[in-house]
Amino acid sequence: MYINGQWLTADEQIEVVNPAVNEVIATVPKGGAGEASKAVDAAYEAFTSWSKKTAGERAELLMAWYRLIDENKEEIGRIMTEEQGKPLQEAIGEVTYANSFISWYAEEGKRIYGETIPASDPKKRLFVSRQPVGVVAAITPWNFPAAMITRKVAPALASGCTAVVKPASATPLTALKLAELAHEAGIPNGVLNVVTGDSKSVAGAWMEDSRVRKVTFTGSTEIGKVLMKQAADTMKKVSLELGGHAPFIVTAHADIEKAAKGLIGSKFRNAGQTCVCANRVYVHESIEKEFIEAFKAEVKTLKVGNGMESGVNIGPLIDKDAVEKVQSQLEDAKSKGAVVEMGGETKGNYVTPAVLTNVTDEMDCMVDETFGPLAPITVYRTTEEVIKRANNTPFGLAAYVFSEHLSEAIEISEGLEYGIVGLNDGLPSVAQAPFGGFKESGLGREGGHHGMDEFLEVKYISLGL
Ligand SMILES: NC(=O)c1ccc[n+]([C@@H]2O[C@H](COP(=O)([O-])OP(=O)(O)OC[C@H]3O[C@@H](n4cnc5c(N)ncnc54)[C@H](O)[C@@H]3O)[C@@H](O)[C@H]2O)c1
Ligand SMILES: O=C[C@H](O)CS(=O)(=O)O
């Protein structure tokens with residue numbers, strides 16, 4: 001654990017397993033409520049001096065961190081592949097994506113503008129400023145061990161906040177490497193703290209601590225709801241980036257090859273373990289056979305294997321529970337009439353990319369987030385029908401529409417109840433744009449200038465002359 005610039009251990013350890021070979025590769029300290037409180041002590045102490053630095057001074061330190069991460073991206077990528085499983089090139093790509101939040105927010109911190117308001121009383125002057133909220137608690141998932149941390153910590157630190165971070169216990173090594181580089185970059189003690197350990201004990205201590213003024217969580221909707229309730233006791237600001245169940249719509253006017261490639265990129269990134277992966281594929285009946293053949297031809301080019309091997313596109317799932325969930329959805333679909341066109345074989349934590357057809361909305365894979373390399377394809381007839389079916393879920397994070405017909409594309413995009421719409425684009429996520437969901441996919445946004453607002457309080461100053 002990295003607390004107040006010091007590396008701490010604990011009586012108990014957590015084992016870190018490489019999902020490609022199911023072998024323990026490291027252990028990290030199992031911190032609890034005590035370590036969690038020490039981290040808040042440090043962050044609370046550091047907040048006064050850190051928030052008083054100029055945005056430019058904070059930006060210089062953030063960019064020193066950025067440069068060290070960039071210089072070490074191959075090493076960080078190897079750490080990530082070994083603890084999370086994604087192919088090495090994809091892991092290095094995530095490090096670059098994660099770093100883009102640091103560089104983008106280092107600059108955005110310099111643009112936290114206020115305003116003056118014309119007073120109705122000539123003897124008053126009205127001002128509005130935006131100030132850092134204070135100590136931020138960040139709790140992050142295993143599927144993007146670097147980006148889900150920097151997407152929170154970069155705007156937090158750039159705005160003048162300080163942070164305590166709890167990474168997923170499955171993937172703590174990447175987080176600890178980022179902390180090591182932050183220390184090397186000269187980010188002052190206490191500004192960034194990383195506590196590895198028991199989720200409920202660590203996060204529970206933070207949720208009860210009134211000094212923590214903001215909780216930002218990325219993970220399942222189930223846990224997001226728990227944290228939202230806990231935050232109420234001390235009225236913490238809350239940002240929640242939760243589960244998804246993305247529809248992927250291919251209309252009669254789609255560019256079939258573009259759509260097939262777009263589905264490959266969306267569905268099989270991180271072996272299907274992303275919150276914005278296509279989960280439900282809706283194809284217009286007029287192009288069903290043409291699209292399925294084009295998609296299957298692309299799937300056949302994918303190589304499954306250990307992420308450290310060159311040329312591998314799909315690594316292992318994170319653990320056996322993840323494999324069992326995919327298997328369960330596959331068996332359920334087959335029992336309800338789905339046809340397995342290809343894939344779905346399992347070996348250890350590996351699952352070959354599966355394509356299902358003759359799918360109906362009653363199948364589990366069309367109701368619950370899959371988080372694996374399973375592509376269920378169903379057909380639709382009208383635009384009104386597909387919008388209704390796509391929206392028929394508690395989730396509202398990402399959706400995709402492939403159509404070369406402008407008014408059709410706009411009609412569907414506007415009708416979808418989702419925070420992110422990839423229009424002829426299977427990979428929409430970038431640091432400069434707001435990322436977040438409608439409905440039970442979360443609250444708030446990360447990325448873009450919207451992401452900075454999550455760490456700021458608005459203060460109104462009324463000056464009597
Ligand atoms: N919307 C997004 O940006 C986004 C990004 C990545 C993942 N996700 C979602 O996250 C889920 C997969 O990630 P996961 O399995 O790590 O999610 P998870 O909710 O199980 O865990 C997320 C984090 O919360 C911690 N946690 C678990 N129980 C907790 C508790 N009771 N109190 C406090 N913290 C607790 C975990 O240790 C981990 O650090 C999927 O549903 C995926 O859609 C969403
Ligand atoms: O899984 C969740 C991530 O937010 C996906 S992305 O890399 O931001 O698209």
Side-chain angles (χ1 to χ4, degrees), residues 14 30-31 33 36 84 86 90-91 93-98 100-101 137-152 165-172 175 194-208 215-231 239-246 265-266 269-279 317-319 321-322 325 368-372 394-398 400 418-420 422 425-431 433-448 451:
I14 297 173
K30 185 175 183 179
Q84 195 271 337
K86 67 180 68 173
E90 193 172 326
E94 184 193 328
V95 177
T96 300
Y97 172 55
S100 71
F101 288 97
I139 304 167
T140 56
W142 51 262
N143 64 336
F144 285 81
M148 296 305 96
I149 290 177
T150 59
R151 197 162 78 178
K152 299 169 186 306
V165 178
K166 195 210 76 66
S169 297
T171 56
V194 176
V195 180
T196 53
D198 177 68
S199 304
K200 288 186 178 178
S201 305
V202 172
W206 289 347
M207 299 309 285
E208 289 173 3
V215 59
T216 171
F217 170 76
T218 296
S220 64
T221 294
E222 175 195 1
I223 302 304
K225 290 180 176 178
V226 168
L227 294 172
M228 188 171 176
K229 290 171 184 171
Q230 291 175 344
S239 293
L240 301 172
E241 295 290 349
L242 305 178
H245 193 44
S266 171
R269 181 162 69 111
N270 201 9
Q273 301 170 117
T274 93
C275 56
V276 292
C277 280
N279 268 238
L317 301 195
I318 190 68
D319 58 25
D321 289 346
K325 180 173 184 181
D368 299 324
E369 181 178 43
T370 300
F371 239 56
F395 295 105
L397 186 56
Y400 305 90
Y418 291 83
I420 303 161
D425 179 7
L427 299 169
S429 307
V430 289
F435 184 107
F438 291 12
K439 303 193 285 188
E440 297 193 25
S441 285
L443 290 173
R445 293 296 183 270
E446 295 185 334

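Just so you know, residue 1 is the first one in the sequence shown, and it goes up from there. Whatever order the structure lists them in is the order used to number ligands and atoms, beginning at 1.
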Taking the six-membered ring for Trp, is the centroid-to-centroid distance between W206 and F217 below 6.0 Å? no

of all protein heavy atoms, closest to atom 6 (S) of ligand 2 is R269 NH2, 3.4 Å

Looking at I318, T140, L240, the heavy atom closest to atom 23 (C) of ligand 1 belongs to T140

Nitrogen or oxygen of L242 less than 3.5 angstrom from that of ligand 1
yes

Per-atom filter on ligand 2: closer than 4.0 angstrom to a heavy atom of T274 are 1 (O)

If you compare C275, S220, G436 by their heavy atoms, the one closest to atom 19 (O) of ligand 1 turns out to be S220

Any W142 heavy atom less than 4.0 Å from ligand 1 | yes

Got an N/O contact under 3.5 Å between G219 and ligand 1? yes

Any protein heavy atom nearer than 4.0 Å to atom 21 (O) of ligand 1
no

Under 4.0 Å from one or more heavy atoms of R151, ligand 2 contributes atoms 4 (O), 8 (O)

closest protein heavy atom to atom 8 (O) of ligand 2 is Y97 OH, 2.7 Å

Does even one non-hydrogen atom of M148 get within less than 4.0 Å of ligand 2? yes

- Query: Is the shortest N/O to N/O distance between K200 and ligand 1 below 3.5 Å?
  - Reply: no

In ligand 2, the atoms that come under 4.0 Å of a heavy atom of C275 are 1 (O), 2 (C), 3 (C), 4 (O), 5 (C)

Please say whether Q273 places an N or O atom under 3.5 Å from an N or O atom belonging to ligand 2. no

